[in-house]
Amino acid sequence: MSADLTRRTAADLAADLAAGTTTSVALTQAHLDRIAAVDGGPDAGVHAFLHVDAEGALAAAAASDERRAAGSPASALDGVPIAVKDVLATRGLPTTCGSRILEGWVPPYDATVVARLRAAGLPILGKTNMDEFAMGSSTEHSAYGPTRNPWDLERIPGGSGGGSAAALAAFEAPLALGTDTGGSIRQPGAVTGTVGVKPTYGGVSRYGLVAMANSLDQVGPVTRTVLDSALLHELVGGHDPLDSTSVDQPLPSLVDAARRGAEGDLSGVRVGVISELSGEGYQAGVQARFEESLELLVKAGAEVVEVSCPTFVHALATYYLIMPCEASSNLAKFDAMRYGLRVLPEGVDSPSAEQVMRATRDAGFGDEVKRRIILGTYALSSGYYDAYYGTAQRVRTLIARDFAAAFEKVDVLVSPTAPTTAFKLGEKLDDPLAMYLNDLATIPANLAGVPGMSLPSGLADEDGLPAGFQILAPALADDRMYRVGAALEAALHERWGGPLLDRAPALAAQAGPTDANGASA
Ligand code: GLN
C-alpha cells in the first residue's frame with residue numbers, strides 16, 4: 001500500500017480498515033495533519049475548510065475502531081473520514097453557507113445525508129468553503145475568503161463547492177459531500193481534477209440542505225475516483241420521508257455499475273455528443289481532451305454519435321430566472337429574528353423590526369446574493385411574473401423534452417464539463433455574466449432533473465491544468481454514468497500513466513508532515 005494514507009482512495013482505505021492494516025484514528029489523524037499543513041486560512045494555503053472538527057472526528061474514529069475490533073462495522077465505509085460542504089446542516093457544528101448572515105449559527109439537527117454519514121461511521125473532518133449560499137463558480141463569493149486551487153494557488157477551485165473539491169485535490173479528505181444547483185459539484189470537479197456527481201433529482205435527500213433553489217438543488221459525492229463516488233452516493237442516497245421530493249424507489253447498484261465499467265468493455269453502449277455543448281466557445285485544450293476521451297470510449301466498444309438538443313442554448317437564461325426566483329423566496333427567512341446575525345441600524349433609538357431586518361440583510365448578504373434577490377424579486381413581481389418566470393418554466397419543459405428525445409437515441413449524453421480550465425482569482429469577479437458562463441454545460445441537467453458526472457479528462461493547457469468530461473444519463477439511470485465513467489477513467493489512467501492528481505505541481509511543493517512521516521500505518 002501507498003506509504004501516505006492521505007493519497008489513498010476511499011475504497012482502498014475501506015479495504016485497509018477491513019483488513020486491519022490501519023485504524024480509523026490513524027487515518028483520520030493523517031488527514032487532520034494534512035489539513036494543518038496545507039489548508040492555511042483566508043490569507044494563505046488552500047483554505048478548503050471553514051471549520052475543522054478535530055475533536056469530533058477523532059472521537060468518531062475511535063468509536064469506529066471499537067466497532068471494527070468487535071467485528072461489527074456499521075458500513076463498508078465505517079471509519080473513512082469525510083468533509084461536508086457548509087450548506088448542509090450539522091448538529092453541533094457551525095453551518096454558515098459561506099455567509100455572514102449565518103455566522104455563529106449551530107444547527108440543532110443533522111441533514112439526512114449527514115445523519116446517514118454518522119450512522120455509517122464516517123468521521124466528519126469539518127465543513128468546507130463555498131460561494132455564499134452556493135451562488136458562484138469560483139468560491140470567491142464566500143464571505144470568509146476564497147478557496148485556492150491546489151493545482152495553482154493563484155487560481156480558482158471552481159464553485160460554488162470549491163472547498164469540497166479542493167479538499168479532495170489537496171488530499172485533505174478522501175471523500176466529501178457537495179451540492180449542485182447548476183454545476184457546483186461538477187464544475188469544481190473539472191477544474192481541480194477530481195470526480196463529482198449530481199444525482200438524479202430526488203435521488204438524494206435535500207432535508208437539512210439550506211436551499212438555494214429547491215427545484216434544482218441536489219446533494220452529491222465529491223471524490224477522486226468514480227468508484228468512490230458510487231460508494232458514497234449509495235451510502236447517502238435513497239428515499240427519505242423527510243423530503244417530499246425524494247424518490248421512493250430502489251436505486252440500481254451504482255457500485256456494481258462502476259466495477260463493471262472498470263473492466264473496460266462498453267460494447268453496445270450508445271454515447272451521444274451534444275452538438276450545442278462543445279466546439280465553439282470551449283478552450284482548445286478542453287475540446288482536445290474531450291475529443292480524445294471520445295476516442296477512448298470508441299476503443300472500449302461504445303458507439304459515439306452526435307445528438308442535437310437545440311433548446312440547450314437557452315438553458316443559461318432559463319436558469320438565471322428560475323434560480324433567483326426560488327432563491328429570493330428562500331432567503332426571505334434570514335430576517336435577523338430566527339438565525340445568526342442581527343445588526344441594529346445606526347443612530348436609531350428603538351428600531352422597528354423592518355429597520356433591523358434591513359440593516360441585517362444589508363450587512364449580512366454579499367453583492368452576488370443581493371443581485372440575485374433583486375433579480376428574483378423583480379421577475380416574480382406582479383406584471384412581470386408570467387413574462388419572466390412563466391416563460392422560463394415553459395422553456396424548462398422544452399429542455400426536458402430535448403433530453404427525453406435524445407435519450408430515445410442514446411444511453412448517455414456527453415460534453416466537456418466546463419468551457420475552460422481554472423482561471424485566475426479575481427479574473428471574473430467583477431463580471432457576473434462571465435462567471436455565469438462557466439455553467440453553460442452543467443445547467444441543463446439541473447433544469448431537467450437528470451443525473452450528471454464530471455471526471456478528469458486530462459491536462460488541457462500550457463499551464464498543465466486539468467479539464468473535465470461530463471456524462472449525463474436519464475433520470476434514475478445514474479448507474480449508466482458510473483459504468484461509462486469508470487470505463488473512461490480506466491482508459492485515461494492508462495493514457496496518463498496513473499491518476500491525474502499525481503501531477504498537480506502546487507501539491508508537490510506543499511509536502512506536509514504526513515508526507516514526510518506518511519507510513520503511520
Ligand atoms: N454557478 C452556478 C450559480 O452560481 C451554480 C451554483 C450551484 O450549483 N450551486 O448559480
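This structure is a prediction, so every number in the text was calculated from the model and none was measured. Just so you know, ligand 1 is whichever comes first in the structure, and atom 1 is the first atom listed for that ligand.
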Could you list the atoms of ligand 1 found under 4.0 angstrom from a heavy atom of [X]?
X: Ala134; value: 6 (C), 7 (C), 9 (N)
X: Tyr320; value: 2 (C), 3 (C), 4 (O), 10 (O)
X: Ser137; value: 1 (N)
X: Gly182; value: 5 (C), 7 (C), 8 (O)
X: Ser160; value: 9 (N)

For the 3.5 Å polar cut-off, considering only N or O atoms, please tell me whether [X] and ligand 1 meet it.
X: Gly183; answer: yes
X: Met135; answer: no
X: Gly136; answer: yes
X: Asp180; answer: no

Give the contacting part of [X] toward ligand 1: side chain, backbone, both or neither, where contact means a heavy-atom distance below 4.0 Å.
X: Phe133; result: neither
X: Ser184; result: both
X: Arg186; result: neither
X: Met212; result: side chain

(request) Report yes or no: does Lys370 contribute a side-chain atom to a donor-acceptor pair with the main-chain N or O of Asp362 at less than 3.5 Å? (result)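 Flag set: sc Lys370 to bb Asp362 pair under 3.5 Å.
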(request) Keeping the roles fixed (side chain from Asp240, backbone from Thr112), state whether a donor-acceptor pair exists under 3.5 Å. (result)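 No; judged by distance alone, with no hydrogens or angles, the pair does not exist.
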(message) Quick check on side chain to side chain contact (heavy atoms under 4.5 Å, CB included): which of Leu331, Ile101, Asp131 does Val369 satisfy it with?
(response)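 Exactly one pass, corresponding to Leu331.
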(message) Using the rule side chain to side chain contact (heavy atoms under 4.5 Å, CB included), only one of Thr442, Asn438, Asp439 pairs with Thr417; which is it?
(response)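 Of Thr442, Asn438, Asp439, side chain to side chain contact (heavy atoms under 4.5 Å, CB included) with Thr417 is met by Thr442 alone.
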(message) I'd like to know whether ligand 1 has Arg372 as a neighbour, heavy-atom separation below 4.0 Å.
(response)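 Judged by the 4.0 Å heavy-atom criterion, Arg372 does count as contacting ligand 1.
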(request) Under the salt bridge (charged side-chain N to carboxylate O under 4.0 Å, His left out) rule, collect the residues that match up with Arg342, sequence neighbours excluded. (result)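 Per chain and number, Arg342 pairs via salt bridge (charged side-chain N to carboxylate O under 4.0 Å, His left out) with no residue.
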(request) Please report which non-hydrogen protein atom sits nearest to atom 1 (N) of ligand 1, along with the residue it belongs to and the distance in Å to one decimal place. (result)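 Closest protein heavy atom to atom 1 (N) of ligand 1: Asp439 OD2, 2.6 Å.
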(message) Counting non-hydrogen protein atoms only, what is the nearest one to atom 10 (O) of ligand 1? Give residue, atom name and distance.
(response)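 For atom 10 (O) of ligand 1, the nearest protein heavy atom is Tyr319 OH, 2.6 Å.
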(request) Answer yes if the side chains of Ser138 and Lys428 hold a donor-acceptor pair under 3.5 Å, and no otherwise. (result)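 No donor-acceptor contact under 3.5 Å links the two side chains.
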(request) Scan side-chain atoms only and decide if Thr225 and Thr9 contain a donor-acceptor pair under the 3.5 Å cut-off. (result)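 Checked: Thr225/Thr9 side chains show no N/O donor-acceptor pair below 3.5 Å.
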(message) Once you measure the plane-to-plane angle for Phe133 and Phe365, does it fall in the parallel (<30°), tilted (30-60°) or perpendicular (>60°) bin?
(response)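 Plane angle over 60°, so perpendicular.
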(request) Drop me the distance from Phe403's CZ to Ile399's CD1, to the nearest 0.5 angstrom. (result)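 The CD1 atom of Ile399 is 8.5 Å from CZ of Phe403, to the nearest 0.5 Å.
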(message) Taking salt bridge (Lys or Arg N to Asp or Glu O under 4.0 Å) as the cut-off, I'd like each qualifying pair that reaches into residues 317-328, sequence neighbours left out, listed once.
(response)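 Output for this query is empty, none listed.
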